[in-house]
Colleague: 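Sharing a structure, written as structure tokens. Questions coming.
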Amino acid sequence: MEKRGMSLMWEILIHLILIVLIFGLFFFASVGSVGSGQVKRQVLEKQLALMIDSAEHGMVFVVNRVNRNGEIRDIAIKDSEVHVYIEGKPSEGYPIYTKHDVYVEQEGEGLRDKFLIKVE
Amino acid sequence: MNKQAVLGEGMLMIYRLILVAFIALIVLGLAAVFYDYDINVRNVEASIFTKKAVDCLVEEGKVNLSRFDEQEDSFMEVCGYSSSDRIYIEARFDEKVLRQGDAGLVWIKELFDIGNHDEIRKYKPGYFRTRLPVRNADELNIFVIVKNEA
């Protein structure tokens, strides 16, 4: 009777371990696409792209590093696209269409760090 | 050892594992679809580019087309804008037509206007049209189509 009980316990334990392993496998496979990080990145890129598109010469946009859309690691303008890098996530970029030159500079230290997007 | 019992137990284990995997797939798949949200700003872009086109064409309330005599198919370049295959701008004034970009986007837009395309809605081009009265008689008609950025 005791042997049967032990065997049942082992069986349940093995089942539980396998269930955890399978869920863990699927979770880590989808963790890149599940989550609000990509949505936040998309929001920032498109907001910046629209602001740059409608900007006139001499305008400067200030974006705080610590933002409600996440902590911004970097902002870059590459090949007529604006890229925003948040919390280690990759950036897809969003195209901009402007006749002005656009530069990105950083200012400040630590949490008060800001990105200045200058349209010249 | 009862071999049949062991075999039966093994079959049951496989069935349970498949069931668990299926449930995990559904739960995480639904979460991935829910979070994979596309934000479409192409209509707003089209309205911004319309304003740029108006600023390019209109000086002090009048349309001056003489500047674009030899660049009717790339009129925005006169104002310093480079060509882009993602944007199509068309301006009509006094039977004259000025264009910038790929005219094929008009055809793509018309395709989306016909019928219901919910599955591919995220690829629908952005569109904005305006008619402006101008001082030198006729009105200026401008429309802009912005293609999906992918």
Side-chain angles (χ1 to χ4, degrees), chain A residues 3-4 7-8 10-57 69 79-83 89 92-101 120, chain B residues 5-6 9-10 12-53 55-56 76-87 89 100-101 126 144 146-150:
Chain A
K3 257 189 180 176
R4 231 172 141 185
S7 160
L8 188 64
W10 278 116
E11 202 178 299
I12 291 169
L13 197 62
I14 289 168
H15 280 167
L16 280 171
I17 290 169
L18 285 169
I19 287 167
V20 166
L21 274 173
I22 288 171
F23 260 95
L25 197 71
F26 277 108
F27 176 76
F28 285 110
S30 62
V31 76
S33 58
V34 173
S36 56
Q38 289 300 338
V39 178
K40 289 173 184 173
R41 177 200 54 77
Q42 217 185 125
V43 166
L44 272 170
E45 282 179 352
K46 290 179 180 178
Q47 280 180 336
L48 284 175
L50 290 177
M51 286 197 292
I52 291 168
D53 284 345
S54 53
E56 298 292 334
H57 171 78
N69 284 320
D79 299 326
S80 297
E81 287 187 351
V82 59
H83 292 262
K89 300 261 190 305
E92 288 178 16
Y94 197 78
I96 56 174
Y97 187 64
T98 178
K99 64 179 178 180
H100 304 290
D101 292 324
E120 291 173 0
Chain B
V6 168
E9 192 62 39
L12 207 57
M13 171 91 86
I14 291 169
Y15 161 74
R16 285 172 189 163
L17 285 177
I18 290 171
L19 193 63
V20 167
F22 182 66
I23 292 168
L25 192 67
I26 297 218
V27 167
L28 293 168
L30 281 173
V33 166
F34 177 77
Y35 277 110
D36 185 21
Y37 189 74
D38 181 58
I39 301 165
N40 186 344
V41 297
R42 292 187 284 277
N43 285 339
V44 178
E45 281 187 283
S47 71
I48 291 171
F49 300 147
T50 303
K51 183 184 178 302
K52 288 178 186 290
D55 289 345
C56 179
M76 292 290 282
E77 288 179 12
V78 172
C79 303
Y81 293 96
S82 58
S83 181
S84 170
D85 59 1
R86 203 178 147 243
I87 301 160
I89 306 174
Q100 172 81 30
V144 176
V146 179
K147 195 175 83 167
N148 174 46
E149 59 277 8

Colleague: Using the test salt bridge (charged side-chain N to carboxylate O under 4.0 Å, His left out), find all partners of K99(A) that sit at least two apart in sequence or belong to another chain.
Modeller: none
Colleague: CD/Q42(A) to CG/N40(B) distance, rounded to the nearest 0.5 angstrom?
Modeller: 9.5 Å
Colleague: Got a sec: does the CD of E120(A) have more than 12 other heavy atoms crowding it under 6.0 Å?
Modeller: yes
Colleague: At what distance, to the nearest 0.5 angstrom, does OG of S47(B) lie from CG of L50(A)?
Modeller: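 Reported value, rounded in 0.5 Å steps: 8.5 Å.
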Colleague: Let me see the working for V146(B) and Y97(A) under side chain to side chain contact (heavy atoms under 4.5 Å, CB included), right down to the final yes or no.
Modeller: CA-CA 11 Å; V146(B) 179; Y97(A) 187 64; over 6 Å; no
Colleague: Which heavy atom of D53(A) sits nearest to which heavy atom of F49(B), and what is that distance?
Modeller: OD2-CZ, 3.7 Å
Colleague: Looking at every heavy atom in both P95(A) and E45(B), which two are closest together, and how far apart are they?
Modeller: O-OE2, 4.2 Å
Colleague: Please classify the contact of I39(B) with chain A as side chain, backbone, both or neither, using a heavy-atom distance under 4.5 Å.
Modeller: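 Answer is both: backbone and side chain atoms of I39(B) are under 4.5 Å from chain A.
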